[in-house]
There are 4 protein chains.
Amino acid sequence: MAGAGHNAPVAAQELKALMERVETLDDERIAIGEQAKSVYAEAKAAGFDVKSMRRLVALRRKDRTKVLEDKAILELYASALGCLDLV
Amino acid sequence: MAGAGHNAPVAAQELKALMERVETLDDERIAIGEQAKSVYAEAKAAGFDVKSMRRLVALRRKDRTKVLEDKAILELYASALGCLDLV
Amino acid sequence: MAGAGHNAPVAAQELKALMERVETLDDERIAIGEQAKSVYAEAKAAGFDVKSMRRLVALRRKDRTKVLEDKAILELYASALGCLDLV
Amino acid sequence: MAGAGHNAPVAAQELKALMERVETLDDERIAIGEQAKSVYAEAKAAGFDVKSMRRLVALRRKDRTKVLEDKAILELYASALGCLDLV
DNA sequence: ACTGAAGGCTGCCCGC
DNA sequence: GCGGGCAGCCTTCAGT
């Protein structure tokens, strides 16, 4: 099914090399995540609401047009259900 | 560490009974999920946006007061960043 | 984009009816989830490891053949990396 | 509730600065994620099973002792249920 | 058949 | 030290 291992030992060397690259990248990614966490800790110490900051970061990363469209639909539906204030 | 298995075979009968109960409940849960999926399919066929419906369902299930508070903070921050229109 | 609202108020009645059906199903789903949680709590009180039980439940729900295949690949790779004992 | 904004405009400048730092870190994190994705694509092209590679990466990052303990419990339970071959 | 998204589950961190 | 809440990963499904 795999198609990979035409030779029994699965090209262990190749696999090892790929895994090492991935693991290195993962280490970097985690290190950066820790830096971000530090910044959020600072923000929290300064009295900001971290959860809201995260939501805003995510929102701003998305495509602006799409966000506005989604928002419009949500408001339309909420209005139909009589709970416009929630959105 | 566990504390459970004071007797070697781990009270296999007890474990089996518990697992069966969980698995039965799981079957029911999945069946209901499929019914919900059908309703969403109907909604989609009628031209509604399923994703927005899901968001609204989730929003309405949450505590109203908390939703309003969170919304207020988000708007405050968005306004500080000059992107109030996104929220 | 939506195609739904050929009439301005978005067929609010239809949307409401659909939402109610979904929310009812959701309530049931949540109730069952709580029952499952109770069973796990019982299990924990009896000394069983809940996390392992969950893993086993998930494993048993899957297609047996596929599980065995996946297991074989994982062992092959682990062996290539010299950490067969982990899997 | 917040404690932060003793001054009405919520210290918009401070918030902006924090958000920018977070967003920069996020950009880096995403870029690295894309590199990892590339490596996995390479691996796939070479015939390896990406899912198994991911599982192995996750497994190797965890604490070795804990992994072995978890494995032992899982095998114990599986054996009690008569499906040791699955784990 | 593959890619991208959406939901559910697991692992992690904070608060109690 | 435990339980709850949050972020990330895996899995599943719709779309192409």
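Values below: all heavy atoms of this structure, side chains included; hydrogens, waters and symmetry mates excluded. All chains are named by letter (A, B, ...) in the order of the sequence lines, taking the proteins before the strands, and each is independently numbered beginning at 1.
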Distance-only criterion, 3.5 Å: show the donor-acceptor pairs between side-chain atoms of residues 24-34 of chain B and protein atoms not counting sequence neighbours.
from   : atom 1 : to     : atom 2 : distance (Å)
T24(B) : OG1    : E20(B) : O      : 2.9
D26(B) : OD2    : R61(C) : NH1    : 2.8
D26(B) : OD2    : R61(C) : NH2    : 2.5

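The salt bridge (charged side-chain N to carboxylate O under 4.0 Å, His left out) check on R54(A) picks up nothing, with sequence neighbours excluded. Evaluation of the side-chain contact (heavy atoms from CB on, under 4.5 Å) rule for K62(D) yields V67(D) as partners, not counting sequence neighbours. The side-chain contact (heavy atoms from CB on, under 4.5 Å) check on K16(B) picks up Q13(B), L81(D), with sequence neighbours excluded. In this view, K71(D) satisfies the side-chain hydrogen bond (donor to acceptor under 3.5 Å, both in side chains) rule with no residue, not counting sequence neighbours. Looking at residues two or more places apart in sequence or on another chain, you find no salt bridge (charged side-chain N to carboxylate O under 4.0 Å, His left out) involving E75(B).
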- Give the B/S/- string for nucleotides 2-10 of chain E, one per nucleotide from 5' to 3', where a protein heavy atom under 4.0 Å of the base yields B, of only the sugar-phosphate yields S, and otherwise -. -S--SSSSS
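For the pair Y40(A) OH and dA7(F) P, the computed distance is 8 Å after rounding to whole Å. Nucleotide dC6(F) holds its C1' atom 16 Å from the CE atom of M53(A), rounded to whole Å. When the P atom of dC14(E) is taken as reference, atom CD of E34(A) falls 11 Å away, rounded to whole Å. Distance, L56(D) CG to dC9(F) P: 16 Å, rounded to whole Å.
In this structure, L18(C) and V39(B) approach most closely via the heavy-atom pair O-CG1, 3.9 Å.
Stem analysis of DNA chain E (Watson-Crick or G-U pairs, both distances under 3.5 Å, runs of at least three) returns E:1-16 with F:1-16.
Applying the side chain to side chain donor-acceptor pair (under 3.5 Å) test to pairs two or more places apart or on separate chains, those with a residue in residues 38-48 of chain C are R21(B)-E42(C).
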